[in-house]
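Report on the structure given below.
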Amino acid sequence: MISRYLLCALGLYATATVAVAQQESATSLKTIMQGLRNDTVSIMDAMLVDDFTAVAEAAVRISDHPRIPPEQVSLVAAELDSEMAAFKQFDTLVHDLSMSLREAAEEGDRFRVQKTFQDMIAGCLGCHLAYRQRVISALAEGN
Ligand code: HEC
């Protein structure tokens with residue numbers, strides 16, 4: 001009887017491990033972006049109720065977003081060529097602003113939080129305006 005439970009538990013464990021492995025391998029530019037979107041919405045929600053702790057936590061998640069898988073980086077680099085530096089600069093800009101946002105939130109500086117959030121969103125939209133469609137096409141062709 002006990003061994004049957006044990007086998008069952010092991011089976012569940014194995015299934016869970018496979019699920020986690022699949023989740024990890026499924027990281028893509030798109031899933032990273034969906035994460036950024038969720039974090040941005042969380043920041044907006046938190047700002048509306050002066051929850052600076054939650055602002056700081058979501059800002060950290062933006063700074064620490066997962067890396068773009070190398071095969072996708074290659075496809076993007078092949079498409080953007082000399083503009084790859086500008087693409088990376090947008091990423092760095094958003095990264096740096098998310099760190100400033102965290103700092104401002106930790107200091108409870110509401111005006112700096114608001115201004116930095118707006119600048120960060122401008123960084124998201126700037127990259128989208130310049131590169132989103134091109135990158136989507138390049139990734140679709142590479143698949
Ligand atoms: C360096 C450029 C760059 C920056 C910076 C950037 N994005 Fe994106 N984003 C992209 C690209 C490219 C896509 C298209 C990805 C795809 O569909 O494969 C995208 C797609 C998205 C999508 C659509 C995902 C979907 O389900 O189709 C969302 C939402 C998004 N980004 C949110 C954000 C947010 C929020 C930020 C800022 C915190 C941000 N992005 C910053 C390049 C960028």
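Only heavy atoms go into these numbers, but all of them, side chains included; no hydrogens, no water, no symmetry mates. Position 1 is the first residue of the sequence; numbering continues from there. Indexing begins at 1, ligand by ligand and atom by atom, following the structure's order.
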(request) For Leu139, counting its heavy atoms only, list the atoms of ligand 1 lying under 4.0 Å from any of them. (result) 18 (O)
(request) Counting heavy atoms only, name the option from Met33, Gln89, His65 that's nearest to atom 20 (C) of ligand 1. (result) Met33
(message) According to a hydrophobic-cluster definition based on side-chain heavy atoms being under 4.5 Å apart (Ile, Leu, Val, Met, Phe, Trp, Tyr only), do Met33 and Met120 belong together?
(response) yes
(request) Would you indicate whether the side-chain heavy atoms of Ile68 and Asp91 approach each other to under 4.5 Å? (result) no
(request) Show your reasoning for whether side-chain contact (heavy atoms from CB on, under 4.5 Å) applies to Ser100 and Arg112. (result) CA-CA 9 Å; Ser100 303; Arg112 198 174 142 211; 4.0 Å; yes
(request) Counting heavy atoms only, name the option from Ile32, Ile136, Asn38 that's nearest to atom 17 (O) of ligand 1. (result) Ile136
(request) Any atoms of ligand 1 less than 4.0 Å from a non-hydrogen atom of Val94? List them with their elements. (result) 5 (C), 38 (C)
(message) Looking at Arg134, I want to see if its CZ is surrounded by more than 12 non-hydrogen atoms of other residues, nucleotides or ligands under 6.0 Å.
(response) yes
(request) Check ligand 1 against Cys127 and write out every atom of the ligand that is under 4.0 Å from a heavy-atom position of the residue. (result) 1 (C), 2 (C), 3 (C), 4 (C), 5 (C), 42 (C), 43 (C)
(request) Give the single entry among Leu36, Leu29, Val76 that approaches atom 15 (C) of ligand 1 most closely by any heavy atom. (result) Leu29
(request) Using side chain to side chain donor-acceptor pair (under 3.5 Å) as the criterion, point out the one residue from Asn38, Thr40, Asp39 that pairs with Arg61. (result) Asp39
(message) Let's go through Val73 and Met84 carefully: what are the C-alpha distance in whole Å and the side-chain angles of both, what is the deciding distance for side-chain contact (heavy atoms from CB on, under 4.5 Å) to 0.1 Å, and is it a yes or a no?
(response) CA-CA 10 Å; Val73 174; Met84 190 61 182; 4.2 Å; yes
(request) List the closest protein heavy-atom neighbour of atom 27 (O) of ligand 1: residue, atom name, distance to the nearest 0.1 Å. (result) Lys30 CE, 3.4 Å
(request) Look at the side chain of Thr31 and the backbone N and O of Thr27, then say whether any donor-acceptor pair between them is shorter than 3.5 Å. (result) no
(message) For Ile121, which part has a heavy atom under 4.0 Å from ligand 1: side chain, backbone, both, or neither?
(response) neither
(request) May I ask which of Arg132, Met120, Gln34 has a heavy atom nearer to atom 13 (C) of ligand 1 than the others do? (result) Arg132
(message) I'd like to check which ligand 1 atoms, numbered from 1 as shown, lie under 4.0 Å from a non-hydrogen atom of Arg37.
(response) 29 (C), 35 (C)
(request) Could you list the atoms of ligand 1 found under 4.0 angstrom from a heavy atom of Phe90? (result) 1 (C), 5 (C)
(request) Would you indicate whether the side-chain heavy atoms of Val55 and Met47 approach each other to under 4.5 Å? (result) yes
(request) Please report which non-hydrogen protein atom sits nearest to atom 37 (C) of ligand 1, along with the residue it belongs to and the distance in Å to one decimal place. (result) Cys124 SG, 1.8 Å
(message) Quick check on the hydrophobic clustering: are Leu36 and Leu139 connected, directly or via other members, by side-chain heavy-atom contacts under 4.5 Å?
(response) yes
(message) Using a 4.0 Å cutoff against the non-hydrogen atoms of Thr40, which atoms of ligand 1 qualify?
(response) 35 (C), 38 (C)
(request) Give the numbers and elements of all ligand 1 atoms closer than 4.0 Å to a heavy atom of Val135. (result) 12 (C)
(request) Indicate whether atom 23 (C) of ligand 1 is within a distance of less than 4.0 angstrom of some protein heavy atom. (result) no
(request) Return a yes/no value for His128: is any of its N or O atoms, backbone included, closer than 3.5 angstrom to an N or O of ligand 1? (result) yes
(request) For Ala56 and Glu106, work out which heavy atoms get closest and say how close. (result) CB-CG, 4.2 Å
